[in-house]
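Since we're looking at a predicted model, the values are computed, not measured.
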Amino acid sequence: MQALIGVFFHFIGGFASGSFYIPYKKVKGWAWESYWIVGGIFSWLFVPFIAAWLTVPGFMEIIKSANSTTIFWTYLLGVLWGIGGLTFGLAMRYLGMSLGMSVALGFTSAFGSLVPPIYRDLVLHQTEGSFSAMLKSQGGNVVLVGVLVCLIGIYICGKAGMMKEKELSDEQKKESIKEFNITTGLIVAIVSGILSACFNFGIEAGKPMAEVAIKQGSNPLFQNNIIFVVVLWGGLTTNLIWCMILNTKNKTFKDYTNKKSPLLRNYIFSALAGTTWFLQFFFYGMGESKLGNGASSWILHMAFIILISNMWGILLHEWKGVSRKTFLTILTGIATILLSVVLVGYGNSL
């Protein structure tokens with residue numbers, strides 16, 4: 001029953017993540033960097049703080065008294081993840097939700113499922129749940145096969161994108177994705193996928209804070225909310241610096257006060273996108289508390305995001321006009337990634 005509840009929480013989190021970019025499409029007259037950072041302030045600062053305040057009593061005191069090494073690594077991994085999150089937004093911009101999320105999250109699934117076991121080997125010198133232990137066990141080998149299958153699924157999705165690039169005219173490609181660019185999009189999606197896995201690493205690094213929260217009486221279901229605060233400070237740092245650079249370069253600081261654009265509407269939809277984005281990790285934390293921070297938890301979360309984002313991609317006609325062969329190719333890629341999830345989940349159960 002606990003596992004089923006955990007899967008349900010991951011589904012809700014996956015639905016939130018797979019849907020968060022939709023409100024951004026309602027923003028009018030703003031540059032990408034403007035609405036991205038407005039939404040990000042809600043994603044990485046306001047909403048995580050409120051969530052921790054509501055669910056982890058005295059969370060700021062716990063953070064202040066935490067070991068400096070714990071804070072350093074949790075924050076640094078948040079900074080690296082922030083680069084992944086930044087390029088994730090660019091992947092959506094250049095590839096659309098369906099292809100962009102499939103490629104980026106496929107890499108995130110693979111790396112995110114392997115990072116914690118490697119961390120336990122190299123830093124914590126643990127045997128239980130470590131990468132070396134995976135190599136010596138039947139279940140661990142099945143998990144590694146699942147990761148390999150995931151990478152094959154990513155390749156197939158990328159192949160579908162290449163086929164789409166060849167089949168459609170520039171006007172057709174930009175009908176649903178205004179800035180479609182397969183080469184730039186795939187590069188940023190790969191970078192995003194690899195660095196985004198650092199979030200799962202950050203959760204592992206911040207576990208001592210969660211353990212203190214539980215000892216002080218916090219509900220274990222919400223233990224990760226205190227970790228998210230620190231990880232997302234790192235993400236905010238990266239994205240804020242980059243968006244301010246773009247605001248300066250593109251002279252788009254005026255977006256925030258430009259009365260020629262629907263200001264209130266833009267702020268509301270950006271805030272809604274940012275809040276929806278954070279809900280993915282709020283529910284991920286609840287699911288992880290039921291299933292543990294193993295490969296199955298992370299890759300299950302990613303799989304639901306891939307499912308939901310591709311559903312939106314199809315509904316928003318991102319694959320409109322492609323041949324049957326190309327459409328079947330992207331469906332095959334998605335199915336392959338989902339198969340990898342089944343393999344990882346089965347391997348973890350052995």
side-chain contact (heavy atoms from CB on, under 4.5 Å) between Lys207 and Asn224, worked out: CA-CA 8 Å; Lys207 277 298 180 185; Asn224 286 322; 3.2 Å; yes
Side chains of residues 225-232: which donor-acceptor partners sit under 3.5 Å, not counting sequence neighbours?
from	atom 1	to	atom 2	distance (Å)
Asn225	ND2	Thr55	OG1	2.9

For Ser34, give me all partners under side chain to side chain donor-acceptor pair (under 3.5 Å), at least two apart in sequence or on another chain. Asn247, Asp255
With clusters defined by side-chain heavy atoms of hydrophobic residues (ILVMFWY) lying less than 4.5 Å apart, directly or transitively, does Ile268 cluster with Leu279? no
Atom pairs and distances, side-chain donor-acceptor, residues 36-51, under 3.5 Å, sequence neighbours left out:
from	atom 1	to	atom 2	distance (Å)
Trp36	NE1	Asn239	OD1	2.9
Ser43	OG	Gly39	O	3.1
Ser43	OG	Gly274	O	3.0

Would you please name every residue forming a side chain to side chain donor-acceptor pair (under 3.5 Å) with Thr329, sequence neighbours left out? none
Check the pair Asn141 / Lys136 against side-chain hydrogen bond (donor to acceptor under 3.5 Å, both in side chains), numbers first and verdict last. CA-CA 8 Å; Asn141 282 302; Lys136 297 175 183 177; over 6 Å; no
One should read off an interatomic distance between Leu221 CG and Phe283 CZ, to the nearest 0.5 angstrom, of 9.5 Å
Under a 3.5 Å distance rule, please check whether Tyr21 uses its side chain to pair with a backbone N or O of Ala273 as donor and acceptor. no
Are any non-hydrogen side-chain atoms of Leu144 and Leu135 less than 4.5 angstrom apart? yes
Note: Gly82 and Thr238 closest approach over all heavy atoms is C-CG2, 3.8 Å
From CA spacing to verdict: side-chain contact (heavy atoms from CB on, under 4.5 Å), Met209, Thr70: CA-CA 8 Å; Met209 291 185 290; Thr70 297; 4.2 Å; yes
Same cluster or not: Phe278 versus Leu272, using hydrophobic residues (I, L, V, M, F, W, Y) connected whenever any side-chain heavy atoms lie under 4.5 Å apart? yes
Side chain proximity check, Tyr75 to Thr237, heavy atoms < 4.5 angstrom: yes
Membership question, hydrophobic clusters at under 4.5 Å side-chain separation (ILVMFWY): are Val212 and Trp73 in the same one? no
Knowing that exactly one of Tyr267, Phe253, Tyr35 qualifies, which makes a ring-ring contact (aromatic ring centres under 6.0 Å, His included) with Trp30? Tyr267
Give the minimum heavy-atom separation between Leu77 and Phe201, together with the two atoms involved. CD2-CD1, 3.5 Å
Give a yes or no answer on whether the side chain of Ser19 reaches the backbone of Ala16 with a donor-acceptor pair at less than 3.5 Å. no
Roughly how far, to the nearest 0.5 Å, is CZ of Phe269 from OG1 of Thr276? 11.0 Å
Is Phe199 linked to Leu240 within one hydrophobic cluster, defined over Ile, Leu, Val, Met, Phe, Trp and Tyr using a side-chain heavy-atom separation of less than 4.5 Å? yes
Should Leu54 and Met60 be regarded as members of a common hydrophobic cluster, given that ILVMFWY residues are connected when their side-chain heavy atoms come within less than 4.5 Å of each other, either directly or indirectly? yes
Atom OG in Ser261, atom OH in Tyr256: separation rounded to 0.5 Å? 11.5 Å
Ignoring hydrogens and angles, state whether a donor on the side chain of Lys26 or Asn266 is under 3.5 Å from an acceptor on the partner side chain. no
Got a second to check how far Ile156's CD1 is from Thr332's OG1, nearest 0.5 Å? 6.5 Å
With Pro57 via side-chain contact (heavy atoms from CB on, under 4.5 Å) - residues at least two apart: Ser218
Smallest separation among heavy atoms of Val27 and Ser270, with atom names: CG2-OG, 3.7 Å
Separation of Lys249 NZ from Trp242 CH2 (nearest 0.5 Å): 6.5 Å
Mind checking whether Phe20 and Tyr24 have parallel, tilted or perpendicular rings, split at 30° and 60°? perpendicular
Output the distance between atom CE (Met244) and atom OG1 (Thr252), rounded to the nearest 0.5 Å. 8.0 Å
Do the side chain of Gln223 and the main chain of Pro220 share a donor and acceptor less than 3.5 angstrom apart? yes
Contacts of type ring-ring contact (aromatic ring centres under 6.0 Å, His included), residue Phe15, not counting sequence neighbours: none
